[in-house]
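Lettering of chains follows the sequences in order, A, B, ..., and the numbering in each one begins at 1. Bear in mind the structure is a predicted one, so any value in this text is a computation, not a measurement.
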2 protein chains.
Amino acid sequence: MKNLEEKAEKFNYSDLNERSREILLGIVEGYFGTASPVGSKFIAENSKLNLSSASIRNIMALLEEAGYIFQPHFSAGRIPTAKGYKFYVDSLMKTEKISLKEKENIEIRLSSSNRDLNGILNQVSILLSDLSHYAGVVLAPDMSEANLLHIEFIRIKEKNILAIIVFANGITENKSFYITKDIKQNELTRYSNKLNEIIERKNCSLDDLKEIITEEMHSDKEIFSSILNKEIFSSIGNVSGYRDYEHYDNCLYVGPEGDLIEEPEFSNNEQIKFLIKTISDKKNIIKLLGHTKNSKTKQIFIGSEEEWSEISGLSLITAPYISEANMLRGSIGIIGPLRMNYSHVIPIIDFVSEFLSGII
Amino acid sequence: MKNLEEKAEKFNYSDLNERSREILLGIVEGYFGTASPVGSKFIAENSKLNLSSASIRNIMALLEEAGYIFQPHFSAGRIPTAKGYKFYVDSLMKTEKISLKEKENIEIRLSSSNRDLNGILNQVSILLSDLSHYAGVVLAPDMSEANLLHIEFIRIKEKNILAIIVFANGITENKSFYITKDIKQNELTRYSNKLNEIIERKNCSLDDLKEIITEEMHSDKEIFSSILNKEIFSSIGNVSGYRDYEHYDNCLYVGPEGDLIEEPEFSNNEQIKFLIKTISDKKNIIKLLGHTKNSKTKQIFIGSEEEWSEISGLSLITAPYISEANMLRGSIGIIGPLRMNYSHVIPIIDFVSEFLSGII
DNA sequence: AATTAGCACTCTGTATGTTTAAGTGCTAAT
DNA sequence: ATTAGCACTTAAACATACAGAGTGCTAATT
């Protein structure tokens, strides 16, 4: 059938014609509804197109040849491929508007008085799960560039110091560490007073502070020539575990996946196990969310054998959140089946990422 | 068969005779190994008892009548009931000793320099999962009775204050809140200096501090008659979310359940869903861990239809951890199948709870 | 009196064959 | 260019047969 191949070759992103688009849309949305393969008869009866099932079949053969849909077995209907979903999301889908009720829900749940970073991000992951009925995930921001408000050192016991770092947005980080020589509390206090004075004067980030101190060391030798600088600052230098993948438990928040396992694609035992393992393996999800954190726009990862195989059979919708004032960057996402309700989930992701950007 | 009933009636905890004990042990351990019902022939061949399968069958009928074992269907072997497991754990089991390698592993992984409570408890939950190959859970302690080391108030913005509370063990809590009238930073500093002076003098807990302030208010009106006391103290009064079940996300840490779903009891789809939902529903687990937190000893919850039905089909082994010095109390646990490797898991729970008691 | 060999019986799981329903691709007619 | 019609393919549902595991009971044995 050379003819078929030739025709199919023309089916790329730019020039799927109106009829093919309509049929692909019918297959994707039909599959969303029933979770089972969509046949030509169904399309013939349910689409605007006034065509017989036989004509639909001809076009379906083309769409299959071009890689947008496939048959699980010979006499079954069609299911969208990753390419098919992608085309749907990019060109066919009409996103719903987020409802006022949902908006209010989000605002109420994220306006708690708690300003602890852990608490907020954890809450967001749960919120995303609740709203989408899939699994919400949140990647914590790297705080090293955020503006500081206050630093405090407290002597816990001999040679053991606790650093409390408060950022301008009210978010705090604690870090305890050991030094080689004991320092009394009042000396620590003098040191932190000095740092706070610099912070107030210069309105700077942790990274900035490091540089400034190196300069000022010369002018105020009494305080800055001690072991304080070297040891303390190398310890508090890497707050917010994100940089080291060793401690990746601290930088990814995963909401409950309870509703997700009820989806029909997870009625098979192997698939449910793959789902659980995929969600448990934070490394992969961090990697994908990392992509988005460093980009500036929403991204959609559709897992297939060829691309994003680490989430093969699953879809991950992500968006970055950015606090301009503090240079904070992180990302949020929702993990669901390929057959995800994209038009509902995407506005949620958009709104939450925007709202989160505002409050951190 | 009146005879059977009469004999079975005598089978209670105290007087299972040697032979019955041996057979029950054989069934429990046989079932541990194969995950499928154990028949009389298997016992006849694998136990010390030199009896024919027919004799074994007679006793099995008694054990069944007494409720220690049951048959999933007429011509199947026997499976222990919850009562059977309980008897095994209480009277038949010989616990293994924890290996030196495991001990070292635990010590290394819990000796990180990070003194953040979240970090430690999260790490423990993961550690328990890793060691047991089931799901580790950790209930956070209620900090209201722990001795204080330091309190600090920082003005974030107008009418918005951040309280940093450092406990004597180096664990910190942060809480941001709003007050009705703005207070300048230097007044806040004076106030916290006063509190820290009391803390140093009296070596007290947050609850104690509340009382002391009420007394001292009269002697130092300038500081203590302000709105500081009423508003600030009512805000920092309830640290550590444990008391309010609303925020139960903050007080339970659940380790990865990845290995657990590979157990043969979860090959059925409904069971795997029940497992995921049970583990996701933190409320129930908090309730059970709460039992142990307030008791002083290890506890084993064996979920059946009648008892602990919230974890029906699962087993939860728990132990409290207690820091005598700070009056801190919490509990840890491992969730697994009924057919759990109790003799291996129990020493792990014991060691980890003891070690954790030592470091917090 | 306790134990056991032997046997009929029950139930599950697997293999096998049959039927039904859904859906296709192709050809010939419109 | 479209469609009606048809032969073909496959999965799923159902029925049947059968082997295997394990039981309870009875009669024989120790």
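Side-chain contact check for B:Ile276 versus B:Glu257: some heavy-atom pair is nearer than 4.5 Å.
Taking a pair to require two hydrogen-bonding distances under 3.5 Å in either a Watson-Crick or a G-U wobble arrangement, C:dA28 pairs with D:dT3. With a 3.5 Å ceiling on both atom-pair distances, the Watson-Crick or G-U wobble partner of D:dT16 is C:dA15.
Rounded to a whole Å, the CD1 atom of B:Ile79 is 15 Å from the C1' atom of D:dT23. Here the C1' atom of nucleotide D:dT30 and the CG atom of B:Leu51 are 14 Å apart, to the nearest Å. Between B:Met60 atom CE and C:dT3 atom C1' there is a gap of 17 Å when expressed in whole angstrom units. Residue B:Ile56 contributes atom CD1, which lies 17 Å from atom P of C:dA2 at whole-angstrom precision. What separates CG of A:Asn46 from P of C:dG23 is a distance of 12 Å, to the nearest Å. What separates NZ of A:Lys41 from P of D:dC6 is a distance of 16 Å, to the nearest Å. Put simply, CD1 on B:Ile59 is 13 Å from C1' on C:dT4, counting in whole angstrom units. Look at CZ on A:Phe42: it is 10 Å from P on C:dG23, rounded to the nearest Å.
Distance check, rounded to the nearest 0.5 Å: CD1 of B:Ile59 to CD of B:Glu64 gives 14.0 Å. Rounded to the nearest 0.5 angstrom, B:Ile23 CD1 and B:Leu51 CG are separated by 6.5 Å.
Counted by atom type alone, A:Tyr342 and A:Ser315 present one or more donor-acceptor pairs between their side chains at under 3.5 Å. A:Ser20 and A:Asn17 share a donor-acceptor pair across their side chains, judged by distance under 3.5 Å alone. Residues B:Thr292 and B:Gln299 bring a donor and an acceptor atom of their side chains to less than 3.5 Å of each other.
Ionic pairing of B:Glu310 and B:Lys283 is not present here: no N-O contact between side-chain nitrogen and carboxylate oxygen is shorter than 4.0 angstrom. With respect to the salt-bridge test (charged N to carboxylate O, under 4.0 angstrom), the residues A:Lys97 and A:Glu102 do not qualify. The pair B:Glu307-B:Lys86 counts as a salt bridge, with a side-chain nitrogen and a carboxylate oxygen less than 4.0 angstrom apart.
Taking 4.0 angstrom as the limit, A:Arg57 places none of its side-chain polar atoms (N or O) nearer than this to OP1 or OP2 of C:dC26. OP1 or OP2 of D:dT3 lies within a sub-4.0 Å distance of a side-chain N or O belonging to A:Ser55. Side-chain N/O atoms of A:Ser40 include one lying less than 4.0 angstrom from OP1 or OP2 on C:dT24.
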N/O-N/O pairs, protein side and nucleotides 10-21 of chain D side, under 3.5 Å:
{"unit_1": "D:dT10", "atom_1": "O2", "unit_2": "A:Ser75", "atom_2": "OG", "d": "3.1"}

Check the interface with nucleotides 28-30 of chain C: list each N/O to N/O pair with the protein under 3.5 Å, or write none.
none

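Both A:Val38 and B:Ala54 lie close to DNA chain C; mapped to their nearest nucleotides by heavy-atom distance, the more 5′-ward contact belongs to B:Ala54.
Taking only side-chain atoms of A:Ala61, from C-beta outward, the nucleotide of C:dG25, D:dT3, D:dT2 with the closest atom is C:dG25.
The salt bridge (charged side-chain N to carboxylate O under 4.0 Å, His left out) contacts involving residues 341-352 of chain A comprise A:Lys298-A:Asp350, where partners must be two or more places apart or lie in separate chains.
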